[in-house]
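Heads up, the thing below is written out as structure tokens.
These figures come from a predicted structure and were not determined experimentally. For this chain, numbers begin at 1 and follow the sequence in order.
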Amino acid sequence: SLCQRMLLMYMLLDKEYVGFATLPNQVHRKSVKKGFDFTLMVAGESGLGKSTLVNSLFLTDLYKDRKLLNAEERITQTVEITKHTVDIEEKGVKLKLTIVDTPGFGDAVNNTECWKSVADYIDQQFEQYFRDESGLNRKNIQDNRVHCCLYFISPFGHGLRPLDVEFMKALHEKVNIVPVLAKADTLTPAEVKEKKIKIREEIEQFGIKIYQFPDCDSDEDEDFKQQDQELKDSIPFAVIGSNIVVEAKGKRVRGRLYPWGIVEVENPAHCDFVKLRNMLVRSHMQDLKDVTRETHYENYRAHCIQSMTRMVVKERNRNKLTRESGTDFPIPMVPGVTDTETEKLIREKDEEVRHSPSREPHEQTQHHEQHSEPEDPHLEPPPSADPHSKGS
């Protein structure tokens, strides 16, 4: 921009200017040239508006070829993992957005451990990144780790359901969970407020660790601190999704048209859609990626390294025992024999080996005598030496 060019000209004319103040600009140019990536997972039962909200957030249509199943087909449907990737460009900044959907979650009659495939998928992305990071070519590593999970909570009922609790508890150590109260237009403002308080209390009661917004620095202005506090108080975000443009008060807006009025998606007085979008895209996208890298992935990486270290130590001890015993195979444990009896057997064997060299000459003598040739009875015995002979 013109201001940046003028600032650069002023810095170049300043004789006491060194130049490292331009490092943020260098990082900015390099990052813009490389582009950014972000992986967002949406989870929740069918019919809560997950697809509509995603399309509303990023102004795209990711579900063109989606096929809706009927009730009979959903009975036998299992939880699937589908990926939709789209490249978005805004003012020269490129974003590779990956949406991970979980169709079939919570739709079956028996939903026991239906979240396991979701947890396995997150671990698989961690494992793939760990393998790429530990490989030889580390320049172009593709990051498919899940940075955020929007979990949709049904507006019908009282607070969290058991399935909601089990899902979030199973995944809160693996991914940043952001709870979302779906279809907020089915509730009155008083009901939305009451349900938010109830859900926050139950999240704390069950020990669920959702994504925590970072604390503001002391030098931040008051407006930013107020916006951050409003974000924290908005959990779970009460959202409404719509890709339909309607006319309201002489202007065209995205919303839903009802007989009693229009619900505007981007109106903060109607829902928290704008707050959620600002949090995901404008203010906390990089922090979500940092928490994924520094906390969730590091925990997985540390667990893998500890497991590998234990395996190496166990193998090293086994090889050491093999070398000391002089065998080329591991010593099997005798079933039904305690460690004390095993040590006693080993000591007795050592005693036998220690005494075997002393018995060997005697055994060899006996063996030689037994195999010496017998004397011929027809041969005359040699003459005995005469003590009176001349040669004596």
Side-chain angles (χ1 to χ4, degrees), residues 40-63 66 68-71 74 79 99-108 111 114-115 118 148-165 167-168 177-203 208 210-211 230-231 233-246 248 253-280:
L40 176 67
M41 173 180 282
V42 289
E45 65 181 27
S46 299
L48 293 181
K50 300 187 297 296
S51 306
T52 305
L53 181 67
V54 169
N55 290 336
S56 303
L57 282 172
F58 300 100
L59 300 178
T60 57
D61 189 6
L62 297 175
Y63 301 92
R66 185 179 61 161
L68 297 178
L69 303 177
N70 56 35
R74 284 191 300 186
V79 180
I99 303 297
V100 181
D101 201 354
T102 57
F105 175 81
D107 293 342
N111 292 310
C114 63
W115 56 85
V118 182
C148 178
C149 175
L150 293 182
Y151 185 73
F152 286 69
I153 301 172
S154 174
F156 314 112
H158 304 281
L160 298 176
R161 299 173 302 167
L163 180 62
D164 302 331
V165 176
F167 177 89
M168 289 191 282
I177 297 178
V178 177
V180 171
L181 182 59
K183 293 187 176 295
D185 51 341
T186 61
L187 304 171
T188 65
E191 291 173 337
V192 169
K193 185 178 180 181
E194 180 182 353
K195 194 169 288 290
K196 282 187 175 186
I197 296 175
K198 177 69 173 177
I199 291 175
R200 284 199 296 264
E201 290 177 352
E202 290 181 341
I203 286 175
I208 300 171
I210 61 174
Y211 171 68
E230 289 178 359
L231 283 178
D233 295 337
S234 298
I235 296 291
F237 294 97
V239 296
I240 301 170
S242 175
N243 297 319
I244 302 174
V245 178
V246 296
V253 296
R254 284 190 300 154
R256 291 183 175 274
L257 180 62
Y258 292 104
W260 54 85
I262 295 176
V263 178
E264 300 179 28
V265 172
E266 299 182 1
N267 189 340
H270 292 180
C271 67
D272 298 329
F273 176 83
V274 175
K275 295 179 182 178
L276 176 63
R277 184 180 62 187
N278 291 342
M279 186 276 295
L280 276 180

Might you work through the side-chain contact (heavy atoms from CB on, under 4.5 Å) test for Lys183 and Asp185, ending with a clear yes or no? CA-CA 5 Å; Lys183 293 187 176 295; Asp185 51 341; 4.0 Å; yes
Would a distance-only check, ignoring hydrogens and angles, find a side-chain to backbone donor-acceptor pair under 3.5 Å from [X] to [Y]?
X	Y	answer
Arg256	Gly241	yes
Ser242	Ser56	no
Asp164	Arg161	yes

Above 12 or not: heavy atoms from other molecules or residues under 6.0 Å from CD1 of Ile197?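 Yes, the 6.0 Å shell around CD1 holds more than 12 heavy atoms from other groups.
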Of all residues at least two apart in sequence or in a different chain, which pass the salt bridge (Lys or Arg N to Asp or Glu O under 4.0 Å) check with Lys198?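 Checked Lys198 against salt bridge (Lys or Arg N to Asp or Glu O under 4.0 Å); matches are Glu202.
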Pairwise side-chain contact, [X] with [Y], heavy-atom cut-off 4.5 Å (strictly under):
X	Y	answer
Met168	Leu160	yes
Val253	Val246	yes
Asp101	Ser51	yes
Pro155	Leu48	yes
Glu194	Val192	no
Ile235	Tyr211	no
Met41	Val118	yes

side-chain contact (heavy atoms from CB on, under 4.5 Å) evaluation trace for Val239 with Leu181: CA-CA 6 Å; Val239 296; Leu181 182 59; over 6 Å; no
Which heavy atom of Gly44 sits nearest to which heavy atom of Lys50, and what is that distance?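 Answer, listing the atom of Gly44 first, then Lys50: O-NZ, 3.1 Å.
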Looking at every heavy atom in both Phe152 and Gly49, which two are closest together, and how far apart are they?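 What the structure gives for the nearest pair is CE2-O, 4.1 Å.
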Could you state the interatomic distance from CH2 (Trp115) to OG1 (Thr102), rounded to the nearest 0.5 Å?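 Going from the CH2 atom of Trp115 to the OG1 atom of Thr102 covers 13.5 Å.
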If you look only at distance, which donor and acceptor atoms sit under 3.5 Å apart when one is on a side chain in residues 270-278 and the other is two or more places apart or in another chain?
from	atom 1	to	atom 2	distance (Å)
His270	ND1	Glu264	N	3.0
Asp272	OD2	Lys196	NZ	2.5
Asp272	OD2	Ala238	N	3.0
Lys275	NZ	Ser234	OG	3.4
Arg277	NH1	Glu266	OE2	3.4
Asn278	OD1	Arg282	NH1	3.4
Asn278	ND2	Val274	O	3.3

